[in-house]
Amino acid sequence: MAYIATYEGKDYTIELKKLSEGIYEVTIKGEDMEKKLVLDVRRHGCCVYSVLCDAKSFEVDVDEREPHLYDVLVEGEHFEIKVMDEMKKKLEKLMGAEGLEEGEIKTSMPGKVTKVFVKEGDEVKKGDPVVVLEAMKMENEFKAPKDGVVKAVKVKEGDTVNAGAVLAVIE
Amino acid sequence: MAYIATYEGKDYTIELKKLSEGIYEVTIKGEDMEKKLVLDVRRHGCCVYSVLCDAKSFEVDVDEREPHLYDVLVEGEHFEIKVMDEMKKKLEKLMGAEGLEEGEIKTSMPGKVTKVFVKEGDEVKKGDPVVVLEAMKMENEFKAPKDGVVKAVKVKEGDTVNAGAVLAVIE
Amino acid sequence: MFKKVLIANRSEIAVRIIRACKEMGISTVAVYSDVDRDALHVRYADEAYHIGPPPARESYLRIDKIIDVAKKAGADAIHPGYGFLAENAEFAEACEKAGIVFIGPPKKAIVEMGSKTVARQTAMKAGVPVIPGTLEPLSDEEIFAKAKEIGFPIMLKAVAGGGGKGMRLIKSEDELESAIRLARSEAKGAFGDDSLYIEKYIENPRHVEMQILVDTFGNGIWLGERECSIQRRHQKVIEEAPSVILDEELRRKMGEAALKVAFAAGYYSAGTVEFLVDKDRNFYFLEVNTRLQVEHPVTEMVTGIDIVKEMISIAAGSKLSYTQDDVKMMGASIEFRVYAEDPFNNFVPSPGTITGLRMPGGPGVRVDAGVFEGSVVPMEYDPIIAKLIVWGRDRKEAVERGKRALKEFVVKGIKTTIPFHKLVLDHPAFLTGEFDTTFVDSVIEEFKKTKKKAGFDIALAMAAIAEEEKTPSVSRVCPDKGGLNPWKFFGRRLLMRSCWF
Amino acid sequence: MFKKVLIANRSEIAVRIIRACKEMGISTVAVYSDVDRDALHVRYADEAYHIGPPPARESYLRIDKIIDVAKKAGADAIHPGYGFLAENAEFAEACEKAGIVFIGPPKKAIVEMGSKTVARQTAMKAGVPVIPGTLEPLSDEEIFAKAKEIGFPIMLKAVAGGGGKGMRLIKSEDELESAIRLARSEAKGAFGDDSLYIEKYIENPRHVEMQILVDTFGNGIWLGERECSIQRRHQKVIEEAPSVILDEELRRKMGEAALKVAFAAGYYSAGTVEFLVDKDRNFYFLEVNTRLQVEHPVTEMVTGIDIVKEMISIAAGSKLSYTQDDVKMMGASIEFRVYAEDPFNNFVPSPGTITGLRMPGGPGVRVDAGVFEGSVVPMEYDPIIAKLIVWGRDRKEAVERGKRALKEFVVKGIKTTIPFHKLVLDHPAFLTGEFDTTFVDSVIEEFKKTKKKAGFDIALAMAAIAEEEKTPSVSRVCPDKGGLNPWKFFGRRLLMRSCWF
């Protein structure tokens, strides 16, 4: 089957042909690369693979963090790769991918909300403090990304939030 | 629920009462013991448990080797325990447990059959060599457990057998 | 010797102390907060008691609760580890009142060494060099007089200061007058207090710390130095022993100076005396850390002395089991702190579940871990989850071994500093030992510039293969769900991702 | 130095050698048989090549195939590990012919030291004591003469003998005549050959081996001794350094004797010289093992010298990087071999799948493993799956650390010798060092008598709880099977055993 893999904004077309159990012929095509590999792939426990490619041996961890989004660790080098089969990818494009809403303040770390500086309707200037999050004894201050009005505050003091959560929206 | 646990031929009646998530009241009754314990049980990954009992902390591995047969490792001490609920146990008793057929020659190790000394119908004396099994560079000779006639030879040279396999039957 | 020791801590250091106790035949008592019921230290200890909700001030910092547990469990001593209550004199006192031995220095030494001023005075009285200058507020006239006395360059500092505010480097006398005026005004504005003091300016200083062990009979030994030059957010990430800038002679002098301070302070237990060393290899006393340090293992690796065990023995009233002559430093050791942090995103915390964990092994490798596969790293505490310590015959071998071991070390599900450490070891400046406080940033910057990573083609291919393996088109391979053997079933699941959907 | 080394071995020793190469910046090539495609050494190496079916004679012993792979991969050297081709002179020769360096001693030394007779003669020529006696067949008259020469007690042995047959202890001359008659007749019956020879009888002998390193420039060092007194089926299970019966003086004498033999044999590389030591601490040369030994790590732990790296350097034509003065023995080390065997069932092999694996960590602990969780231990090869090596400041600390580490070491799915090692360490005879060859059996016997094991009540309770957790009555807890995150799903499965049915 053919897949589209996306790494750091670039797309690569990957065709897989299963030659026998665990043996794949892989064709990779992208703007900056064109390659054909034959891989001998063995899975060891959860999500560690022993991969032989032209007798080179690789220890590869492949973990699906979210649907279609993979954390791949090859001999200690980390790659974050999104993979979809061609059909799904086309469909997704047609439907328009869900992007970061402009003005959203998102956290990349989980934590506890220790301070909220604004309420809905407040006017803020770019750089004004909006929310302070604490995790592992470290405080992180989130600032307004632009001048505007606070459209929504999604957290209150004492809340615990996950990584990726939207804290507030500035319009 | 009540269970019958068997360890080295002795039966123990074990009653479990779940007080809350992960907290069990356990009553054990047997010929040589009578005990009531309250356990705080947490499972960590596959089959390792952190158990607190009256503030004592135990690292316990519980692995089901065969249905109802558990390998239990408590702080490095190994126990092989068979557990069934009372009903099943009674049923099993009624039906008669499947035992070792007299005259069966069984192997407790897996291995490769390197020699078979007998064929069906042969007369053998107690102690006569019957089969040689090899594993990990070690040869094990299996002998006739009694005088008799070879009723069946279940393996041939070159066969690979699992632990527990019957090699031959002497009658 | 003690029969039972309570460890008033968590994570790797609690596990470390439990291991020492086990090897000494001492029973161990763990304490845990709500989020730590599943922590490794609870599993490893002989007993474990719940002490409260996740926030440290409601659990690991609750002196009353911890003393209660110790009494209930019949512990005859408490080891505080590092952090939390380790340098809390009130806690040491509470232990004493409860008739429980505090495994650490005497209360008086904690208090006195906890005060910068008293520690400095103690060192001076003991004849140990301190950075020339004052700690007390000075008038303008006094500043002029003192500056001439200690010689330029000097640093002008705000008494109430911190974070560099109100701090000024003065190279000659003619700069002094206006600098004083500006610094006072800045300090006033920032802290509401315009008091200033001065200190000799040390050019290109290196922080070097000396490990000591002192018993209650007046015997003391020094165990050599550690250097901890790589920090992020003023917290250490890599430490090593020995320091590249010390030789036998200077090491002995600093070791003896460290002991002088300790004896003058009435100190016993394990302790660390921090020094600044200038470019001419003059050393100046800075402060005493009255606790077991995170980085104690590098000293253990080069001396073979188990610092935790000695600390426990000293508290139990035993004499030191080594003399200074027994202490031989051999080879080199480096410690890498594995933090639950994202090194490529400003080291922001990365708590969460460890979904995969493979630890390195083989020669010269030690791992002090506080987690296991499946562990949840809570957001409430310090981000340290493990320490990798390597030993080599010399620094070069330790570095090569570190690279090898870091490659074997895999933590999945959360971000860690492991990839950062690899970059550091590959950096030429680390190998020569010539790095400064901007090093961490420059390593990360350089990495971000060099995009090309090895194994990219394999990564792309494997992501696609993983995606293919889970597609329902091959789900026919898992008809047998009736098996009873959990492992078999488990194994099958793992091997047939296709069944996950 | 070499650019690429092929490791003609498997399991833990292949992993050990790969680690050494990685730390030296050398690329590694693994070879594997059908059943070893999933082995750890394949994953760790930079390259891996298939060399045949499971039986060793069709894969790991195939000189032609291994040389072919080395050529194809462009390896400039081959490390044979131990076992397999390690002491095969033909293999050393094949390497030479192919222009590939054999990482080991010269072919001539392998051949000569492989012969008991030549080795003995070499030692005698070098002035190193051997057990007085002969190896050649003697006439009755010669036996009488020789016996008087070396003095009673003597051992009368069959030249064709083995397994104790035809062997007789003679305490005085008057027993000799009838003993010769009986021994000849027994030997004739057993082996069809009545040739006899005699040897001095050594009372309560101890086997002690000396590690040496010799380079191609004529430099040699000894690295101290190892003792391997605990064996099952004449194979070592526990080894330690130093030996309790040696002192500095005897160690130096034996070390120098070992080097004399090596120089006389034109030996270079790492090697081990075996001695018998009698109760009066006289030592006698026995033989030379011309390879890296399984138990080399205990010497590495007490000296800090990486024997594998030195061995590689010597083969690459480098000079030894240590002199005898650099060699300092510090503390004590014990190695525990983890075999896939059932110690409570006559040590029968226990190949199979490792369903669970937790390895020990912390101070003074080294694990050299050849397996991972999920590994299949094949039935075709040696049962060694890992080695646990501990270090302590003295034997007592090493023993206590060993107990602690063995408790942390969990291998599930197959039987291992781990519980056996624990019994040994708890046995008073091991602690005093006074044990003989019957020790293993007596440890197991004693264990079988003392039925009462701690934690039995917990074990019963947990077995019942596990049984309850899997019963369908609680299966309502797993409605959510639609999740996409494999880990989450995986975690949920693990936590809710009830869903397994």
Side-chain angles (χ1 to χ4, degrees), chain A residues 3 6 18-24 37-85 87-89 91-92 97-98 110 162-165, chain D residues 4 6-7 14-15 18-19 21-22 27-32 34-51 68-75 353-358 370-377 412-413 482-494:
Chain A
Y3 295 89
T6 313
K18 199 168 186 173
L19 303 181
S20 62
E21 193 54 43
I23 312 289
Y24 291 91
L37 310 169
V38 175
L39 301 189
D40 172 355
V41 177
R42 298 293 196 109
R43 186 171 190 163
H44 296 169
C46 181
C47 320
V48 196
Y49 294 85
S50 167
V51 179
L52 297 183
C53 172
D54 196 20
K56 300 272 174 302
S57 171
F58 300 89
E59 189 173 87
V60 185
D61 285 89
V62 187
D63 296 85
E64 192 174 14
R65 201 199 310 164
E66 298 167 16
H68 313 296
L69 181 63
Y70 291 90
D71 280 314
V72 186
L73 204 65
V74 182
E75 299 282 323
E77 291 287 355
H78 176 259
F79 303 88
E80 198 180 291
I81 298 174
K82 193 158 190 181
V83 185
M84 280 193 189
D85 67 49
M87 291 304 166
K88 275 197 196 133
K89 182 79 184 177
L91 212 68
E92 195 185 54
E98 193 190 345
N162 290 324
Chain D
K4 199 184 268 191
L6 182 148
I7 296 98
V15 171
I18 290 170
R19 282 176 168 149
C21 289
K22 289 202 171 176
S27 286
T28 50
V29 181
V31 290
Y32 62 93
D34 288 343
V35 287
D36 273 346
R37 167 64 186 88
D38 288 303
L40 192 60
H41 72 283
V42 172
R43 241 165 78 176
Y44 271 15
D46 297 310
E47 295 171 43
Y49 295 85
H50 177 248
I51 48 162
D68 274 356
V69 167
K71 282 185 190 164
K72 187 158 67 171
T353 301
I354 295 175
T355 56
L357 181 61
R358 297 200 296 279
V371 294
F372 52 90
E373 189 166 297
S375 270
V376 174
V377 181
K412 302 198 287 186
L484 282 163
N485 178 328
W487 172 260
K488 268 195 191 153
F489 192 74
F490 173 71
R492 223 179 283 140
R493 279 248 155 242
L494 292 182

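Sequence lines set the chain letters: A, B, ... in the order given, protein chains first and strands last, and positions in each chain run from 1. Only this structure's heavy atoms are used, side chains among them; waters, hydrogens and symmetry mates stay out.
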Turns out that what part of D:Asp46 lies under 4.5 Å from chain A's heavy atoms comes down to backbone

Testing the basics here: between D:Thr28 and D:Tyr44, what is the closest heavy-atom pair and its distance to 0.1 Å?
OG1-O, 4.4 Å

Can you give me the closest heavy-atom contact between A:His44 and A:Ser50, atom names plus distance?
CE1-CB, 3.5 Å

Looking only at side-chain N and O atoms, does D:Asp36 offer a donor or acceptor that is under 3.5 Å from a partner on D:His50?
no

For the interface with chain A, which of D:Ala30, D:Ala73, D:Ala45 has the highest count of heavy-atom pairs at distances below 4.5 Å?
D:Ala45

By a 4.5 Å heavy-atom criterion (distance strictly below it), what part of A:Val48 contacts chain D: side chain, backbone, both, or neither?
side chain

Count the heavy atoms of every other residue, nucleotide or ligand shown that sit under 6.0 Å from NZ of A:Lys56, and state whether that count exceeds 12.
yes

